[in-house]
Amino acid sequence: MDVLFNSINVRDLLSSHDLDESSPLSAPDLRLLIDRLQFQSLQIKSKVQAYLLSHHADFSELFSRCSESASRCEQISDSVSNLLALISDHPIDAEIRVAVSEIEKTMKELKAKRELLDLVKVIVELSERLKSVQEDLKNGRLISAAEAVRDLKKAVGTVAEEREPVVYGLLRKEWAECFEEIQGMLVKFMENAVRFEREPNKVRVKLRLSVDGTHEIELRTILEAMDVVGILDYGLAKVADLMVKHVIAPAVNCGSPISFTEELIQDSDQMTEMILKTVSCEPKLEKDDAEIIYSRIIMIIKFFYKSICFQNGSWMRCFGRLTWPRIAEIIISNFLSKVVPDDASKLADFQKIIKCTSEFEIVLKEMMFISASDNKDERLSNFAENVEVHFASRKKTEILAKARNFLLQCDFAVPQEYTRTSPKLKYGGENSSDHVVDLLFLSERCVVSEAASQLMALVHRTLQDVCLSSVKVALEFYHATRDAILLYEAVIPVKLERQLNGINQVAVLIHNDCLYLSQEILGLAFEYRSEFPSAIREHAVFLDMAPRFHLMAEQVLQRQIQLVIFNLKEAIDGADGFQNTHQIQKFESAKFSIDQVVFILEKVHIIWEPVLPPSTYKRSMSMVLESVFSRMTKDILLLDDLAAEETLQLQRLIHLMLESLSSLLESLIVVDQKGTSQEGFGHPLDDLIPSLRKTRKVADLLDMPLKSITTAWESGELISCGFTLSEMEDFIKAIFADSPLRKECLWRIESANF
């Protein structure tokens, strides 16, 4: 059939092959060509027929398949047509959707049941494993039981989760019971394995034991089981506590002449017990015999390293974590702290103890009793190497204890010689008493308590030591001085609270103490700062404390002044505003009130003047007198409709009070140390007590003619005494009856221009 697929070259059918392609064919050539084409066509037809006949079966099969495919297409077309007709008549899509939903639901239920079945299998497996734990415990297979408890903990968890199956809670509860059971059993084994016998003093460790009829178990197995379960700390806690209490503590006691020996007990070539005995054999130790104390402790720890921890590093580290902090604390408190030098010159002798302490901790690290990498476990070395700090700390404690004793033991009683006015104190004479001190920045002297004097002496001695000490010691001493001073602020107001709420010399003495301390504090930096070690020179500050004590002094003084003023106010209230003094009963009542005022002021004068600094006394007493005179003047000027006799009685009362207070008023004149009066010009008391001049003028006005009063107002004299226009108008209306002259005088007073 290749001829069917190849082109026929017409020129090949001609006889001549040298014809030009562009020349036309002749008639004979054309006829020849037609004949040959017909012949060629017949050959092709015969070949095609032969090919079809040879492949008749193949073509028959091909045509049958085509016929079948065509018939199937017609069937499919008919089915689709029927389906479309069915769908158009009945909505089957809803039924299909329901069927699909049911299939999905069924598949989900099937999946859930499979998961539930898997969960049931897990629960059954866990339950069987929990039961196997109890069986292992009964048969003495502690390691197997411990491993099962450990693995089951991961499976059931220890904390309930949200929406978990209830059965998990039951399994968790059952696991907790198994855990408590194995924990209780292991702890009971440990309690029976390690015995601390007081009489005689020995520690007995059983290497093989049984409890409540269980199989004989080795102590090593018990420890391995505790380690697997994760309760090694809990299981060894009681042993560690008893070891520290009954073995370590006596070993560290410097006064106990004891040593330790080991004893081994064997049965059938197997070691069954190890015993550590306490033997009394050594003479009483010296306080600094560190080698013997450390050797005792090393022997004890080695015994437990071999008998209980079986030279297992992790077990020994666990045992060390339980015991080392307490052991170190006992050694520090019962030994190292007691051999800290009392004097800086003995610090060099302490180096031997530092060396022994370092070697002791190296041995403990080799046994893995303490960590080789964590410096926090080097508690003893850190303490010993910081001996300067401990020395300073001890000194600081002693300083604060002394300061506290000064404050608590002092009765704050004023010496007998200062219960009355002391010329030596007042005028700056020489006085050898420790109670009289100079105020550095006030150029005055005052009486202070013995506590304040001793406290500042202690502060000065301590600061002198600061100048001669190393930086660490100096810093501790510096803080000690600050704390000692602040103790006064903390202790005294609480100790003497009752006295501070009354009028007495104790309160005045506290004021002087605070004033003295504030002055001394200001001078400390100037006196010692330049000699302090350079490292603390910039940090040593005292100035911040001075205002606190100055404020405390002022508060104490103001409380005293207010108490006095309150008592004076109550006394003056008894005069009932000085009304109707022309009546004998009213006059006597007013006179009694004035006598009370004078008595109170004299009492305050006796309490204050001998003790307070002169300037403070002057200021305080002036405030008190000002309150008295201003109150009396105010009450008299508020009176209305005064009779002539009444004015004379009021004048008499004023003169009586001024006469009674004359000595007190004279005490306010400031006198310098040489005794030279500094009274100044005019009436200095009028400047200290502005109401005094006004009171005197009221006494003059009570018997002064109206015109004279008017003239005094116009001259400005009454203005300078502190009178106001309204006061003068009310005063004139109260004394003088209404008349043309009074109206004229009132008009002149109102018209006066100042």
| request: State whether the side chain of T633 and the backbone N or O of S630 hold a donor-acceptor pair below 3.5 Å, judged by distance alone. | output: no
| field | Chi angles and distances behind the side chain to side chain contact (heavy atoms under 4.5 Å, CB included) call for I399, L458 | value | CA-CA 8 Å; I399 291 168; L458 177 64; 4.0 Å; yes
| Are E398 and R461 close enough for a salt bridge, meaning some N to O gap below 4.0 Å? | no
| request: Please assess L515 against E444 for the test side chain to side chain contact (heavy atoms under 4.5 Å, CB included), listing each intermediate value before the final yes or no. | output: CA-CA 11 Å; L515 186 61; E444 288 184 314; over 6 Å; no
| Which atoms form the tightest heavy-atom contact between L601 and M621, and what is the distance? | O-CE, 4.3 Å
| Would a distance-only check, ignoring hydrogens and angles, find a side-chain to backbone donor-acceptor pair under 3.5 Å from S691 to V628? | no
| query | Around K402, counting heavy atoms of other residues, nucleotides and ligands shown, do more than 12 lie under 6.0 Å from its NZ? | reply | no
| If only atom types and distance count, is the side chain of K697 paired as donor or acceptor with the main-chain N or O of C721 below 3.5 Å? | no
| Does the distance from a Lys or Arg side-chain N to an Asp or Glu carboxylate O, for R404 and D483, drop under 4.0 Å? | no
| query | Can you name the closest pair of heavy atoms from R559 and L500 and give their distance? | reply | CD-O, 3.1 Å
| said: Please check this pair: side chain of S337 against backbone of I332, looking for a donor-acceptor N/O pair closer than 3.5 Å. | reply: yes
Determine all donor-acceptor pairs shorter than 3.5 Å in which one atom belongs to a side chain in residues 526-534; sequence neighbours excluded.
from : atom 1 : to   : atom 2 : distance (Å)
Y528 : OH     : H460 : ND1    : 2.8
R529 : NH1    : A540 : O      : 3.0
R529 : NH2    : R537 : O      : 3.1

| said: Determine whether S620 and Q560 satisfy the following criterion, side chain to side chain donor-acceptor pair (under 3.5 Å), listing intermediate values before the conclusion. | reply: CA-CA 9 Å; S620 304; Q560 287 288 294; over 6 Å; no
| message | Check D465 with K395, please: is the shortest side-chain N to carboxylate O separation under 4.0 Å? | response | no
| query | Is the backbone N or O of A507 less than 3.5 Å from a side-chain atom of Q499, with the two atoms forming a donor-acceptor pair by type? | reply | no
| request: Could you walk me through whether H605 and Y617 pass the side chain to side chain contact (heavy atoms under 4.5 Å, CB included) test, one step at a time? | output: CA-CA 9 Å; H605 168 65; Y617 168 75; 2.6 Å; yes
| request: Give the C-alpha distance, both sets of side-chain angles, the deciding distance and a yes or no for salt bridge (Lys or Arg N to Asp or Glu O under 4.0 Å) between R696 and D700. | output: CA-CA 7 Å; R696 288 172 175 165; D700 295 339; over 6 Å; no
| query | Please walk me through it: do Y516 and L442 pass side chain to side chain contact (heavy atoms under 4.5 Å, CB included)? | reply | CA-CA 10 Å; Y516 168 63; L442 294 179; over 6 Å; no
| message | Checking side-chain polar atoms at under 3.5 Å, does S358 have a donor or acceptor matched by the opposite partner on S381? | response | no
| message | Let's go through F599 and F592 carefully: what are the C-alpha distance in whole Å and the side-chain angles of both, what is the deciding distance for ring pair (Phe, Tyr, Trp, His ring centres under 6.0 Å) to 0.1 Å, and is it a yes or a no? | response | CA-CA 10 Å; F599 175 77; F592 179 74; over 10 Å; no
| field | Separation between CG of L364 and CD1 of I297, rounded to the nearest 0.5 Å | value | 8.5 Å
| remark: On a heavy-atom basis, the closest approach of S660 and E602 is O-OE2, 3.9 Å
| said: Quick one: does any side-chain atom of Q519 pair with a main-chain N or O of F441 as donor and acceptor, under 3.5 Å? | reply: yes
| message | Students often mix this up, so state it plainly: with edges at 30° and 60°, are the rings of Y294 and F335 parallel, tilted or perpendicular? | response | perpendicular
| Between the side chains of D377 and S371, does any donor sit under 3.5 Å from an acceptor? | no
